[in-house]
Amino acid sequence: MDGKIERHYELAILGGGIAGLGAAHEAAKRGYRAVVLERGAFCGATSSNSLRIIHGGFRYLQSLNFPRVLQSMQDQLELCRWAPHLVKPIKCVLTLDRFGLKSPLPVALAAWLYGGLKRLRPGLAGENRVISAAEVAKEIPLLAGAAPNGALLWTDALLNDLHKFHDFICGRLTALGVQLVDQCAVTAVRRQPEDFVVECRRGGEPHNISARYVINTLGPWINSLEKQGLVPGRTPFWCKAYNLVIKKQLDAQYILGRASSKGRLFFAVPRGSASALGTWYVPLKEPLAEAAVHKDDLVDFVAALNQTFPKAALNFSEIEHVDLGVLPCHSNHAEPKLLGSEVITADRGYVEVLSTKYTTFLSQGRKAVQALKV
Ligand SMILES: Cc1cc2nc3c(=O)[nH]c(=O)nc-3n(C[C@H](O)[C@H](O)[C@H](O)COP(=O)(O)OP(=O)(O)OC[C@H]3O[C@@H](n4cnc5c(N)ncnc54)[C@H](O)[C@@H]3O)c2cc1C
């Protein structure tokens with residue numbers, strides 16, 4: 001990445017995860033002279049651990065949040081158009097309950113509604129309908145016998161290569177004139193009468209940058225800086241989020257979704273000749289700097305997966321890799337719930353972004369840049 005750090009920018013973006021890159025993209029489109037300061041490699045932290053599902057917002061129908069459904073559809077469509085070689089539509093199947101909101105009748109209604117909303121976003125592929133238990137058993141051997149009430153079939157999108165996608169975005173940002181600086185750790189942000197001073201270190205060397213605006217997208221490290229003269233944003237609870245990557249292919253064509261007996265929703269996602277399974281959330285109990293994979297968490301996670309997808313018959317020796325990230329959540333209860341959507345707070349030219357979804361990074365970036373003028 002470009003090694004030179006200049007003294008003045010219009011906008012300094014702290015943190016080069018997907019949220020920082022989304023903000024940089026919007027800023028560049030609006031003509032800001034922007035720099036992104038990342039202490040490691042771009043998208044090397046939480047953003048490299050996503051399950052890679054690019055959600056189209058079906059789940060928000062449950063809360064009748066139509067604007068959010070449409071926004072997610074738009075985000076999905078934009079990414080499929082941006083990088084059709086990397087973000088591809090994929091069929092998804094979610095097994096249904098016998099009663100309640102996730103039973104066949106309400107879900108069939110939701111599928112019909114979703115189809116109607118999709119017509120407002122021409123270009124989105126795929127069908128949405130309820131399929132029978134027999135159809136599930138015929139099409140998806142892994143779910144045979146596990147979907148007595150049938151399943152919802154819909155189409156979302158999958159990012160098939162995160163690293164190529166991140167390189168693709170960085171290339172695009174550089175072409176738009178954004179300065180990307182990696183291996184540069186920000187240590188402090190101070191408000192001055194007319195602008196901000198951002199202190200950072202690169203290769204042991206200190207730098208002081210002045211910027212008219214600052215966007216803080218440091219993810220779980222959002223409060224790790226010395227901040228002066230800034231109203232801090234919301235401090236959430238934090239949870240660890242795990243995915244397992246296993247050596248066998250559970251299904252090559254579909255993303256499979258099923259809730260555990262405790263109501264935790266899991267997805268099995270094709271990843272080349274392997275599969276990724278997730279996501280398992282546990283409260284973050286250790287200091288952030290020590291967040292690591294715990295064997296006990298994996299034992300619980302594998303047990304819950306085996307209960308949810310019995311035909312997968314997972315065992316520890318099949319685990320190829322464990323993805324781990326830290327995300328903002330509502331509480332530090334044993335079964336934490338992720339914040340429903342991103343949280344953006346603004347204080348006179350200083351904006352903080354807490355992201356809960358990779359999928360929405362473009363629209364989230366748009367909101368963050370709009371908030372600079374609040
Ligand atoms: C297991 C898991 C599965 C997920 N699955 C999905 C999914 O399928 N679909 C979906 O849409 N979303 C998913 N997500 C959510 C999504 O990945 C996150 O919401 C998103 O990546 C967060 O991005 P971010 O830029 O806010 O954070 P990060 O990627 O953590 O970025 C913050 C950056 O700040 C940098 N940084 C920290 N301190 C400093 C400093 N002092 N100076 C400079 N830089 C610093 C870090 O190195 C890091 O690169 C998943 C997340 C996890 C963990």
Side-chain angles (χ1 to χ4, degrees), residues 12-24 35-57 59 72 75-76 79 87 90 92 156-159 162 165-166 169 180-189 198-202 207 215-227 238-245 255 257 265-267 269 271 276-282 284 288-289 291 293 297 301 321-329 338-339 341-344 352-365 368:
I13 297 170
L14 321 181
I18 198 67
L21 300 188
V35 63
V36 186
L37 304 167
E38 164 56 48
R39 74 169 170 194
F42 286 96
C43 289
T46 324
S47 302
S48 67
N49 292 296
S50 164
L51 197 51
R52 310 181 183 187
I53 304 175
I54 303 298
H55 304 276
R59 66 174 70 180
S72 297
D75 283 320
Q76 192 187 66
L79 294 187
V87 184
I90 182 165
C92 306
D156 257 341
L158 188 64
L159 185 47
L162 270 185
F165 189 62
H166 295 154
I169 302 173
L180 298 173
V181 182
D182 58 5
Q183 310 302 330
C184 179
V186 180
T187 51
V189 183
V198 176
E199 293 179 6
C200 58
R201 293 190 81 84
R202 191 170 202 232
H207 295 269
I215 299 182
N216 180 340
T217 58
L218 291 179
W221 300 275
I222 201 154
N223 293 319
S224 66
L225 308 174
E226 185 195 325
K227 299 177 187 175
W238 296 101
C239 64
K240 294 203 283 189
Y242 289 101
N243 297 326
L244 290 185
V245 182
I255 292 179
L265 187 58
F266 295 115
F267 290 102
V269 180
R271 197 175 279 185
L277 291 139
T279 297
W280 178 253
Y281 302 105
V282 292
L284 176 72
L288 179 59
V293 174
D297 293 340
F301 186 13
H321 180 73
V322 180
D323 293 331
L324 174 67
V326 174
L327 294 174
C329 60
L338 211 57
L339 292 189
S341 60
E342 75 270 351
V343 179
I344 298 181
E352 290 191 349
V353 179
L354 279 177
S355 155
T356 56
K357 284 274 165 285
Y358 190 106
T359 302
T360 49
F361 77 95
L362 287 174
S363 57
Q364 186 182 268

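Values below: every heavy atom of this structure, side chains too, minus hydrogens, waters and symmetry copies. All ligand and atom numbering here is 1-based and tracks the order in the structure. Just so it is clear, the model here is predicted, and its values are computed rather than measured.
- At a threshold of 4.0 Å, the pair Asp323-Arg52 does not count as salt-bridged, since none of the basic side-chain nitrogens sits closer than that to a carboxylate oxygen.
- Relative orientation of the Phe361 and Phe165 rings is perpendicular, given thresholds of 30° and 60° on the angle between their planes.
- Within the structure, the closest approach of Gly22 to ligand 1 does not fall below 4.0 Å when heavy atoms are considered.
- Contact check for Cys329 versus Trp238: no side-chain heavy atoms found under the 4.5 Å cut-off.
- Polar contact with ligand 1: present for Tyr358 (N/O pair, distance under 3.5 Å).
- The single protein non-hydrogen atom nearest to atom 13 (C) of ligand 1 is Ser50 OG, 3.6 Å, given as residue, atom name and distance.
- By the 4.5 Å heavy-atom criterion applied to side chains, Lys240 and Leu324 are counted as neighbours.
- Of the protein's heavy atoms, Ser47 OG, 2.9 Å lies nearest to atom 21 (O) of ligand 1.
- Residue Ala19 has at least one heavy-atom neighbour below 4.0 Å for each of these atoms of ligand 1: 24 (P), 25 (O), 26 (O).
- Annotation for ligand 1: atoms under 4.0 Å from non-hydrogen atoms of Leu37 are 43 (C), 44 (N).
- At least one side-chain heavy atom of Leu14 sits less than 4.5 Å from a side-chain heavy atom of Val189.
- The Lys357 neighbourhood of ligand 1 comprises atoms 10 (C), 11 (O), 12 (N), 19 (O), with distances under 4.0 Å to a heavy atom of that residue.
- Evaluated by nearest non-hydrogen atom to atom 5 (N) of ligand 1, the leading choice among Leu354, Leu162, Leu51, Leu14 is Leu51.
- Remark: ligand 1 and Cys43 share no N or O pair separated by less than 3.5 Å (distance only, no angle test).
- In the vicinity of Thr279, heavy-atom distances shorter than 4.0 Å reach the ligand 1 atoms 1 (C), 3 (C).
- Contact annotation: for Val326 versus ligand 1, there are no heavy atoms closer than 4.0 Å.
- Atoms of ligand 1 lying under 4.0 Å from any heavy atom of Asn243, numbered from 1 in the order shown and given with element: 1 (C), 2 (C), 3 (C).
- Contact of the Phe301 side chain with the Val282 side chain is not registered, since no non-hydrogen atoms from C-beta on lie closer than 4.5 Å.
- Closest to atom 11 (O) of ligand 1 by heavy atom, among Asp75, Thr359, Asn49, Asp323, is Thr359.
- Listed by number with element, the atoms of ligand 1 under 4.0 angstrom from any heavy atom of Gly17 are 25 (O), 29 (O), 31 (O), 33 (C), 49 (O).
- Nearest non-hydrogen protein atom to atom 20 (C) of ligand 1 is Ser355 OG, 3.7 Å.
- For the pair Arg202 and Asp182, the minimum side-chain heavy-atom distance is below 4.5 Å.
- With Glu342, Gln183, Glu38 as candidates, the residue nearest to atom 46 (C) of ligand 1 on a non-hydrogen basis is Glu38.
- Which parts of ligand 1 touch Thr217 is read off a 4.0 Å heavy-atom cut-off, strictly below it: atoms 32 (C).
- Contact between Leu362 and Leu79 at its shortest, heavy atoms only, is CD1-CD2, 3.7 Å.
- At a heavy-atom cutoff of 4.0 Å, ligand 1 is contacted by the side chain of His55 but not by its backbone.
- The closest protein non-hydrogen atom to atom 53 (C) of ligand 1 is Gly325 CA, 3.5 Å.
- Residue Ala185 places a heavy atom less than 4.0 Å from ligand 1.
- Annotation: side chain of Val36 is not in contact with side chain of Thr217 (no heavy-atom distance under 4.5 Å).
- In this structure the side chain of Leu244 reaches within 4.5 angstrom of the side chain of Val322, judged on heavy atoms.
- Of the possible donor and acceptor atoms, none in the side chain of Asp156 sits under 3.5 Å from a partner among the backbone N and O of His55.
- Listed by atom number, the atoms of ligand 1 under 4.0 Å from Trp221 heavy atoms are 30 (O), 37 (C), 38 (N), 46 (C).
- For the pairing with Lys357, the side chain to side chain contact (heavy atoms under 4.5 Å, CB included) check across Leu338, Leu339, Ile54, Asp75 returns one residue only, Leu338.
- Listed here is the closest heavy atom pair of Ala241 and Thr279: CB-CG2, 3.8 Å.
- Ligand 1 has a nitrogen or oxygen under 3.5 angstrom from a nitrogen or oxygen of Thr46.
- Counting heavy atoms from C-beta on, the side chains of Val343 and Pro328 never come closer than 4.5 Å.
- Checked by distance only, ligand 1 and Ile18 come closer than 3.5 Å through their nitrogen or oxygen atoms.
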